2 protein chains.
Amino acid sequence: MGFELDTRKKRILQAVIRDYINTAEPVGSRTIARKYGLGVSSATIRNEMADLEEMGFLEQPHTSAGRIPSERGYRYYVDCLMQREELSFDEEDLIQREYRSKIDDVGQVVHVTGQLLSQLTSYTAVVQKPKIGFSSFKNIQLVGMDKERAMLVAVMDNGIVQHRMIDVPVSITGNDLAAISAVLNAKLSGFTMESIKNTLIKEIYIELAHYRRTLDLVLDVLRYSLTSDSEDKIYLGGLFNILNQPEFQNVEKLKTLLGLLEQEDLLSNLMAANPSSSGVTVRIGGEISYRGMQDCSMVMAIYGVKGQPIGSLGVLGPTRMDYSKVISVVEYMTKKLSFALENLFKDIADKEVKF
Amino acid sequence: MGFELDTRKKRILQAVIRDYINTAEPVGSRTIARKYGLGVSSATIRNEMADLEEMGFLEQPHTSAGRIPSERGYRYYVDCLMQREELSFDEEDLIQREYRSKIDDVGQVVHVTGQLLSQLTSYTAVVQKPKIGFSSFKNIQLVGMDKERAMLVAVMDNGIVQHRMIDVPVSITGNDLAAISAVLNAKLSGFTMESIKNTLIKEIYIELAHYRRTLDLVLDVLRYSLTSDSEDKIYLGGLFNILNQPEFQNVEKLKTLLGLLEQEDLLSNLMAANPSSSGVTVRIGGEISYRGMQDCSMVMAIYGVKGQPIGSLGVLGPTRMDYSKVISVVEYMTKKLSFALENLFKDIADKEVKF
DNA sequence: TTTAGCACTCAATATGCGGGAGTGCTAACA
DNA sequence: TGTTAGCACTCCCGCATATTGAGTGCTAAA
């Protein structure tokens, strides 16, 4: 791909796509000749555009309208024509400032990232919360709430604090809970949920043979509810930016799109279907195989810590999106997010020094 | 008000409003005569409607269209004409089931309430999270995260768990943190933030004279960040129900409305401006004094525990909303929410039994 | 190979014309 | 005196019909 087009065709295709991205109106040969000085007349451009249409890079909404890019056109643009746009100083500065404030826990990092993504692109940001399966327990605490319930609180080393109410036998006292907490802490802290060996579990059961039933419940919650809970969760930023896009002035379209975005599981799938494990992925129109998102494109990337992928983030907009801008932003923010998370974990590496 | 209208005018006004609520179309005299058997001809109704218009209860979009209710008309309808609509068995059953599952903490109660409100009315639910100022500490824990940071976790008796990262001097060890936690727990648990006396604080400072600086920080966070954090927060349910209302098919209108609803502080003000301290309040159109919400009405009520108001909840929809239905739902849900919260607190009353 | 010129196409906008729903008024009626 | 039938009138709405204008494709000349 790419070599099939001579230089002039490339420049014309590029001009058409740029103009359409800016104006959202079909662009005609005269416009190209006027606005983008190619040194040829509109008639020449007309011929070239006819060729480009035949090759499938452009299409015409109807006879006597200008041309708009086809999906294949966008694809070619993204792969071969587009040139990278660096972030401005102001933008980088904004990002720096936002990250410097409140970076206490993973939730906030995700939030800030989503905000920035949507703000910088004026599209909708989709950020998958990091899989915390591999984060390790820092502290586990059972707090008695009333006669038959206790609150299980788990602090993870990445700053996430999870909690869940569990039922406990009426016979269990506050001292019992404290004892259980102590053993759980001694045995589990420093371990990730996955790395916990069966032998360890057995040890716990032996030490707390008295509290079998409660222990069953606690370990179950630790295993399933807490860990899986925040996995697969999605943060959406700038959802209403959609309203500013001319392609979604139609309320019916809006309804279907927002309806889709409401379904977290669907978004999870969308984010999970990320082929390239490194770098930015662009899915254009029909390449997103959800009915109702044909007019959308998605630019996304995987972020991670120390080469380990733990989630992905992306920007969703109309197929007529400013790819060059969006790709730069997504790329930059992926780095920033990974960096912020590593920062969050970094200090943890030397926890032995202290605890 | 009310006595100025004779029975027939009342019945006609009622019929017009009901019909308009159902159809969203201006309603004419013939429609009234046909659909609502009043035993008089359309001509008579025509005369009456002209009177009602002159009195300000109805208005005409243009000559030769039917009539639609004016704000004053809706107000009169709500105050004098409307009859209460009981919830169906299925609806009450749904509510029961939803509340029976997951009622572990205040957040979930609020979430379920919002969901139900929007689902039952097909409008948008606005639920102010309960002010937790008066909830008391159950457990306070400082967990070391890395050399210079610790996680402060506070479990409140209403099931809310709050946490915040704080900086601590590098010199402080895990044992120190445990010691601080122990003292804080011993002194503060059972107390609400407001009820903490200065003498108590002094006691703490004396016992932990060593950790002055850290203690300053911890108490500051407990006082301000944690408590005020979840106050004033608003849960919105069924936001996209707006899209189904014919009065918001216009994207511009949608944009302004959604823009307003995005601002939490504005919503907080809206919910706070609740005059009657008991019972359901209805604000119609211009009675909500925000530009951009002229076409909306709001039905709201204050909920509380043991007569103590701790928040409010409401339903936002077009002025042409099904007041009778919405008022019933809001009234019912207010009771349910208060009840659910009291349940959450009830067991706490007898905590002495156990701890 | 490029370009000027021209006929042609077709959405978008305006213009004009019933049809219909609904009103107000009048006159007859109980 | 209140009610109703009848009728002229109003005005939105939908529809068909010009008109416009941006843009194309094609042809022929440079």
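These values consider heavy atoms only, across backbone and side chains, with no hydrogens, waters or symmetry-generated copies. Just so it is clear: chains get the letters A, B, ... in the order the sequence lines come, proteins before strands, and each one is counted from 1. Source: prediction; values computed, not measured.
Residue A:R67 places none of its side-chain N or O atoms closer than 4.0 Å to OP1 or OP2 of D:dG23. For the pair A:T63 and D:dT24, the criterion of a side-chain N or O lying under 4.0 Å from OP1 or OP2 is not met. Contact annotation: A:R30 side-chain N/O to C:dT3 OP1/OP2 distance is not under 4.0 Å.
Rounded to whole Å, atom P of D:dA5 lies 13 Å from atom CG of B:N47. Summarising the geometry, the separation between CG on B:D19 and P on C:dG22 is reported as 10 Å, rounded to the nearest angstrom. B:R34 has its CZ atom 17 Å from the P atom of D:dT4, to the nearest Å. Spacing between atom CD1 of B:I68 and atom P of C:dT23 amounts to 13 Å, rounded to whole angstrom units. Separating the CG atom of A:D51 from the P atom of D:dC26 is a distance of 11 Å, rounded to the nearest angstrom. As rounded to whole Å, 12 Å separates atom C1' of D:dA22 from atom CE of A:M49. Note: CD (A:E48) to P (C:dT3) measures 11 Å, nearest angstrom. D:dG23 atom P lies 18 Å from atom CD of A:E59, rounded to whole Å.
For B:R8, counting side-chain heavy atoms from C-beta on, the closest listed nucleotide (C:dT2, D:dG25, D:dT3) is D:dT3. In the set C:dG24, C:dT3, D:dC12, the nucleotide with an atom closest to the side chain of B:H62 is D:dC12. Each of D:dC11, D:dG25, D:dG6 was ranked by its minimum atom distance to the side chain of A:R46; first place goes to D:dG25. Of the candidate nucleotides C:dT3, D:dA5, D:dT24, C:dT3 has the atom nearest to the side chain of A:V40.
A donor-acceptor pair is defined here as one N or O able to donate and one able to accept, closer than 3.5 Å; such a pair exists between the side chain of A:Y123 and the backbone of A:D322. Counting only distance, with no hydrogens or angles, the side chain of A:R320 and the backbone of A:I21 share a donor-acceptor pair below 3.5 Å. For the pair A:S324 (side chain) and A:M82 (backbone), a donor-acceptor distance under 3.5 Å is absent.
In this model, a donor atom of one side chain and an acceptor atom of the other lie less than 3.5 Å apart for B:S312 and B:Q128.
Across all strands, B:S29 comes closer than 4.0 Å only to sugar-phosphate atoms, never to a base (heavy-atom distances).
Residue A:R34 places its CZ atom among more than 12 non-hydrogen atoms of other residues, nucleotides or ligands, all under 6.0 Å distant.
Applying the 3.5 Å distance criterion, the base of C:dT9 shares a donor-acceptor pair with the side chain of A:S64.
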